[in-house]
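See below for the structure under consideration.
Predicted model only: the values in this text are computed from it and were never measured.
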Amino acid sequence: AVLKNAIDWGSRPWGKNSWTGKPAAITGTSGGAISTAVAQQHLRSVLGDLGLQVAGGEAYIAFKPELFDAQGAVTDDNVQAFLKAIRLGEGTLDEAGYYRIVGGGTFTDDSVHPKVKVYIPRYDVHSTAAGAYQIIFPTWSGLCRQYDFPDFSPECQDEAAVALIVGRGALEDVILGDLKGAVQKCS
């Protein structure tokens with residue numbers, strides 16, 4: 001109702017539409033198999049009639065609450081295997097991997113990202129990569145703003161890794177076992 005009211009108010013008075021020429025993008029999520037496809041199609045039509053410049057393409061995000069259990073552990077076998085493959089590649093597959101800093105150091109306080117800057121001579125760069133998925137501090141900060149992670153615990157690191165996979169549009173590929181498609185999207 002809030003979105004409909006905002007669209008209605010902005011479209012009045014007739015002939016002085018506030019929306020004309022404004023850019024717009026449409027996305028949505030739901031638990032259904034076709035996500036929000038029908039609602040997006042209808043909204044695209046309404047916004048087009050009001051003169052908004054609606055970005056092309058569609059984004060249908062199916063919400064999958066069953067992906068994590070009550071403790072935050074990943075429940076899908078293919079997602080677990082994909083996360084394990086990432087950790088193998090990062091050299092963090094063992095349990096201590098959740099507490100590893102780039103270059104081989106470790107940390108013990110998982111209440112926050114360690115934010116330790118390490119010089120990597122091989123690449124002549126400094127990095128703050130840490131944890132099982134070697135997430136750099138700026139990326140972690142962005143994820144915390146978006147998902148409100150309370151700490152840098154193993155569960156939050158797993159959830160963050162899944163969020164990054166979702167961000168690359170690869171979660172469906174992972175769940176369906178399309179390793180090639182998932183790797184291409186995540187690379």
Side-chain angles (χ1 to χ4, degrees), residues 2 25 27-33 35-36 59-187:
V2 174
T27 189
T29 184
S30 79
S35 188
T36 57
Y60 310 126
I61 303 166
F63 178 60
K64 302 199 177 294
E66 70 280 0
L67 196 58
F68 298 97
D69 66 17
Q71 289 72 42
V74 176
T75 58
D76 184 88
D77 291 340
N78 285 346
V79 174
Q80 286 176 346
F82 196 73
L83 293 178
K84 187 175 180 180
I86 293 170
R87 292 183 62 199
L88 180 65
E90 293 292 354
T92 59
L93 191 55
D94 59 311
E95 272 308 304
Y98 284 102
Y99 298 92
R100 191 148 306 121
I101 297 172
V102 66
T106 59
F107 64 96
T108 56
D109 180 8
D110 67 6
S111 66
V112 295
H113 185 288
K115 197 178 173 183
V116 175
K117 192 179 273 189
V118 176
Y119 178 67
I120 311 296
R122 178 177 176 187
Y123 300 107
D124 192 30
V125 297
H126 287 86
S127 176
T128 56
Y133 307 98
Q134 293 295 286
I135 301 171
I136 60 173
F137 182 72
T139 300
W140 180 254
S141 295
L143 289 167
C144 286
R145 280 191 300 277
Q146 188 172 1
Y147 296 99
D148 200 30
F149 293 125
D151 54 41
F152 199 61
S153 65
E155 296 78 19
C156 287
Q157 290 179 46
D158 286 346
E159 290 175 18
V162 172
L164 291 170
I165 293 166
V166 167
R168 300 298 295 211
L171 184 59
E172 222 36 58
D173 296 294
V174 173
I175 290 171
L176 295 174
D178 179 6
L179 184 61
K180 183 178 179 181
V183 170
Q184 285 176 337
K185 289 177 181 176
C186 288
S187 296

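With sequence neighbours excluded, the residues that form a side chain to side chain donor-acceptor pair (under 3.5 Å) with S153 are D151, E155. Residues satisfying the ring pair (Phe, Tyr, Trp, His ring centres under 6.0 Å) test with F152, not counting sequence neighbours, are F107, H113, W140.
The backbone N or O of R100 sits less than 3.5 Å from a side-chain atom of Q134, completing a donor-acceptor pair. Under a 3.5 Å cut-off, the side chain of Q80 and the backbone N or O of V74 do form a donor-acceptor pair.
In this structure the side chain of V79 reaches within 4.5 angstrom of the side chain of L171, judged on heavy atoms. Under the 4.5 Å side-chain criterion, counting only non-hydrogen atoms from C-beta, Y99 is in contact with P154. Using a 4.5 Å heavy-atom cutoff, the side chains of D124 and Y119 are in contact. Taking 4.5 Å as the limit, some side-chain heavy atom of L83 sits within range of a side-chain heavy atom of I165. Looking only at side-chain heavy atoms (C-beta outward), I136 and T128 come within less than 4.5 Å of each other. Put simply, the side chain of Y147 does not reach to within 4.5 Å of the side chain of E159, judged on heavy atoms.
The heavy-atom pair separating Y98 from Q157 by the smallest distance is O-NE2, 3.0 Å. Closest approach of I120 to S127, counting heavy atoms only: CG1-CB, 4.4 Å.
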Distance-only donor-acceptor hits, side chain of residues 177-187, under 3.5 Å, sequence neighbours excluded:
residue : atom : partner : partner atom : Å
D178    : OD1  : G181    : N            : 2.9
K185    : NZ   : G169    : O            : 3.4
K185    : NZ   : D173    : OD2          : 2.7
S187    : OG   : V183    : O            : 2.6

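Y133 pairs with exactly one of T92, D158, T139 by the side chain to side chain contact (heavy atoms under 4.5 Å, CB included) rule, that one being D158.
One distance of note links CD1 of I135 with OG of S141; it measures 11.0 Å at 0.5 Å rounding.
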